[in-house]
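Beneath this line is the structure, given in structure tokens, with notes to follow.
Letters A, B, ... mirror the listed sequences (proteins, then strands); counts begin at 1.
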Amino acid sequence: MIAAIVVDVPSGSVNKTFDYKVPEQWEKWAEPGMRVIVPFGPRKLQGFILELKNSSDVKGLKNIIEILDPLPVLTSELIELGQWLAGHTLSFYITTYQAMLPAAMKATYEKFFVVLKQENLPEHLAVSFPRHGELSFNEVMKEFPDQLNEYLSLVKSGTLDVIYKVKDKANKKKVKFVSILNKELAAELLKENQKKAEKQRAVLSELLYRPPGDYLMQDILVETGASLPTVQALAKKGIVQIEEKEVYRDPYKGRNIKQSEPLPLTDNQLDAIKPILNSIENDQHDTILVHGVTGSGKTEVYLQSIQAVLDKGKEAICLVPEISLTPMMVNRFKGRFGSRVAVLHSGLSVGEKYDEWRKILRKEVSVVVGARSAAFAPFTNLGIVIIDEEHESSYKQEDHPRYHARDVSIWRGKYHSCPIVLGSATPSLEAYARAKKGRYILSELKSRVHSNPMPEVKIVDMREELKSGNRSMFSNDLMEMMKDGLKKREQTVLFLNRRGYASFILCRDCGYVAECPHCDISLTYHKRNAALKCHYCGYQETIPSACPSCASEHIRFFGTGTQKVEEELAKVLPEARVIRMDVDTTSKKGSHERLLTAFEKEEADILLGTQMIAKGLDFPKVTLVGILAADTMLHLPDFRASEKTFQLLTQVSGRAGRHELEGKVIIQGYDTEHYSIQLASQHDYHSFYDYEMKTRKLHQYPPFFYLGLLTFSHPDLMQAVDASEKAASFLSSRLSEQSIMLGPVTSPIARIKDRYRYQVMIKYKNEPELGNWFEEIIFHFQKDKSMKDLQITAELNAQTLM
DNA sequence: AGCACGCCGACT
DNA sequence: GTCGGCGTGCTC
């Protein structure tokens with residue numbers, strides 16, 4: 001039997017399968033989708049079996065060294081999906097398959113020297129070798145780099161050998177259990193009433209006191225005050241038995257989740273769920289866009305759709321933007337489906353993710369709630385995929401493979417002939433356009449549950465405030481309403497899409513702006529550690545006391561970040577209790593949830609934060625939402641700037657007045673006439689859609705055209721320009737007439753981490769060869785050794801131009 | 001990606 | 001004469 005295997009080398013020249021013999025003893029066992037270890041040249045590498053066959057064109061096949069999995073970790077569906085996805089995203093097969101599995105299953109490699117002829121090993125080197133005779137190559141490199149050559153020549157002379165080890169990062173958590181093995185011996189030892197082995201006897205009497213069975217070692221040790229060696233001694237005598245059992249880490253241990261029953265649906269929700277249930281009923285693949293205003297009860301629609309899928313004995317995936325951001329969502333799923341739910345998100349440790357994932361593989365769960373990568377959950381009888389907040393940019397992975405969870409889900413929906421549900425209060429233009437064209441089924445939830453009104457939104461032009469003498473960052477209206485809220489013991493959410501303290505520093509005398517020396521981007525001032533930080537490469541420097549350019553001391557901070565707002569709040573509303581949530585306050589594990597829980601328990605009056613408080617939060621006492629700088633995103637060099645602004649304003653506004661109390665929203669900004677701000681304040685998605693579609697059509701952007709993007713980066717500007725020009729001329733002679741090429745031009749961020757960035761953009765409707773041309777370009781420059789510092793990224797369906 | 005193999009310049 | 005620099009091409 002022969003296995004076609006992709007090996008763990010992310011490189012174009014080995015982006016294919018290699019054939020290996022399956023040793024006879026494993027022929028019954030081997031299956032496509034299993035991980036294996038194979039010899040590859042002089043090395044040992046991990047790989048995936050993609051196919052089993054009877055013959056090969058290659059002579060002199062090597063044997064598979066080891067099969068790593070008792071069951072395939074990639075289903076046949078995922079193997080097929082990977083083939084498609086690798087082509088679609090211009091990624092290598094191995095990278096794509098690895099993206100489908102938890103990080104814990106990726107191999108790590110280590111090289112060792114081993115002693116072959118002890119007698120030939122010089123004394124000064126022999127002392128470095130541990131007893132078992134293996135010395136890590138890396139250790140030599142680190143500790144004794146000047147001895148490396150000596151080691152290598154010993155390898156040549158046959159005194160030493162080099163061996164390669166493949167390690168699995170996966171750590172199955174094991175827990176020890178203890179049980180009585182021989183009751184008679186135990187009783188005997190207990191009768192020996194000596195001072196000796198007092199602890200051993202304590203352990204035995206504890207075990208004999210309990211009904212026969214396996215007990216947690218930890219419990220027994222704590223109960224008796226004995227230590228592990230004591231019990232091990234008993235095991236040696238054959239009196240007790242110690243067993244290790246695998247257990248799952250439970251990230252939600254000790255949490256009390258209230259069980260919930262399906263709620264009666266409103267007429268609105270019943271209408272919305274109808275097409276979904278219809279697809280489920282008929283095992284049909286449809287993509288259904290649920291456009292529901294904030295607070296319209298989309299989640300309940302999801303939950304009941306999933307219930308219908310489970311009732312048919314099928315499985316469900318629900319994707320959410322970044323689940324650690326919404327513990328509420330997890331609770332709602334666990335509350336409804338209990339232990340049938342696995343949760344996969346970035347807040348979990350590598351081991352926790354691995355455990356949750358194995359529950360899916362072993363069919364111990366039938367519902368998965370998770371972020372982007374959960375789209376690959378290895379279900380075999382998938383009945384629905386729901387993508388909540390479909391418009392979110394985090395569904396697109398920004399490194400290889402650059403996949404979009406929506407595309408992956410729709411592929412799987414076709415494969416399993418099951419519905420894909422996209423839900424959003426502010427659908428992406430792409431999705432809504434497809435729904436209007438009839439490619440997706442449109443399902444609208446037009447009003448909030450219990451007919452709560454949409455919050456009343458007021459736009460405040462901060463230029464007017466300034467004219468009337470208010471120089472603070474809070475308008476008079478917002479200030480009054482925050483005070484009012486405090487009086488009534490209601491809560492406020494304040495949103496500002498910028499962390500740190502000030503966005504940039506400027507010299508008032510010469511106009512100098514502090515910029516990152518490695519990136520073309522201004523530095524952000526962080527007050528807590530008195531530093532200027534680059535949000536792109538992490539560069540930090542201390543604040544200059546004088547202008548580095550003209551030595552003037554008139555340095556001013558401009559732009560406001562969450563830190564500064566927090567400080568200002570303490571001054572103007574000292575009685576208000578404020579919780580600040582941004583990357584800086586939530587970096588520690590669990591801090592996110594802790595802050596939200598505190599706000600939920602009304603331990604604070606004001607929740608101040610960035611993007612991360614924009615969605616999914618549902619607090620009954622929140623009656624006021626203040627958006628401090630609504631127009632900051634508007635002027636970014638991004639064709640989605642208006643769309644993103646509209647989405648964000650709508651999402652944030654939606655946090656207000658979701659229950660009995662009515663909500664109010666204040667939007668502050670300078671460019672307040674802009675249509676995305678005006679229409680968001682009127683909760684008018686449809687007008688926004690119409691208007692924005694016109695501008696997209698006019699400028700030939702998605703969804704009218706796809707965007708192909710080639711970015712060239714090089715430490716030397718001219719090299720980057722040169723490469724991009726060559727690529728552009730290569731492409732321009734091949735592109736069809738309908739396509740438009742822009743560039744080469746500098747990227748919106750012209751330099752990151754000391755690399756200059758140039759790009760070529762292709763707007764196209766149908767260009768089936770474009771992917772191949774991109775690959776040809778990459779291949780061409782890979783061969784060109786004069787360009788070895790050149791990096792190229794290629795994308796067929798770019799979401800942003802940054 | 002690594003690694004071996006192979007072909008040219010600077011030393012014992 | 002050999003050691004070692006890195007350019008080239010292969011890995012079932």
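When the P atom of dC10(C) is taken as reference, atom CG of Leu45(A) falls 18 Å away, rounded to whole Å. The CZ atom of Phe779(A) sits 11 Å away from the P atom of dG9(C) (whole-angstrom rounding). The nearest whole Å value for the distance from the CZ atom in Phe40(A) to the P atom in dA4(B) is 14 Å. Atom-to-atom, CD of Glu51(A) to P of dC12(C) comes out at 19 Å; the value is rounded to the nearest Å. When rounded to the nearest whole Å, the span between CZ of Arg43(A) and C1' of dC3(B) equals 7 Å. When the P atom of dA1(B) is taken as reference, atom CG of Asp8(A) falls 12 Å away, rounded to whole Å. Atom CG of Asn138(A) is separated from atom P of dG2(B) by 11 Å (rounded to the nearest Å). Taking atom CD1 on Ile65(A) and atom P on dC12(C), their separation rounds to 10 Å, with Å as the unit.
Sorted by residue number, the list of members of residues 83-95 of chain A with any non-hydrogen atom under 4.0 Å from DNA chain B is empty. A heavy atom lying under 4.0 Å from DNA chain C marks none of the residues of residues 21-32 of chain A.
The backbone N or O of Ala107(A) lies less than 3.5 Å from no partner atom in the side chain of Arg35(A), so there is not a single donor-acceptor pair.
Taking the six-membered ring for Trp, Tyr758(A) and Phe712(A) have ring centres at least 6.0 Å apart.
For Pro42(A), counting side-chain heavy atoms from C-beta on, the closest listed nucleotide (dA1(B), dC12(C), dC3(B)) is dC3(B). Considering only the side chain of Asp19(A), dC12(C) comes nearest among dT11(C), dC3(B), dC12(C).
Ile64(A) is listed as a side-chain neighbour of Tyr20(A), based on a closest heavy-atom distance under 4.5 Å. A 4.5 Å side-chain heavy-atom check between Leu710(A) and Ile777(A) finds at least one atom pair inside the cut-off. With a 4.5 Å cut-off on side-chain heavy atoms, Asp399(A) and Arg402(A) do not count as touching.
Using a 4.0 Å heavy-atom cutoff across all strands shown, Ser56(A) reaches no nucleic acid atom at all. Using a 4.0 Å heavy-atom distance criterion, Tyr20(A) is classed as a sugar-phosphate-only contact.
Between Tyr109(A) and dA1(B) there is no side-chain polar atom (N or O) within less than 4.0 angstrom of OP1 or OP2. Remark: Lys111(A) is in phosphate contact with dC3(B), judged by side-chain N or O atoms under 4.0 Å from OP1 or OP2.
Annotation for Phe40(A): atom CZ counts as buried by contact number, over 12 foreign heavy atoms lying within 6.0 Å. Enclosure of atom NZ in Lys28(A) is not indicated, since only 12 or fewer non-hydrogen atoms of other residues, nucleotides or ligands lie within 6.0 angstrom.
With sequence neighbours excluded, the residues satisfying side-chain hydrogen bond (donor to acceptor under 3.5 Å, both in side chains) with Glu430(A) are Arg640(A).
Under the 6.0 Å distance and 45° angle rule, Lys726(A) does not count as a cation-pi partner of Phe730(A).
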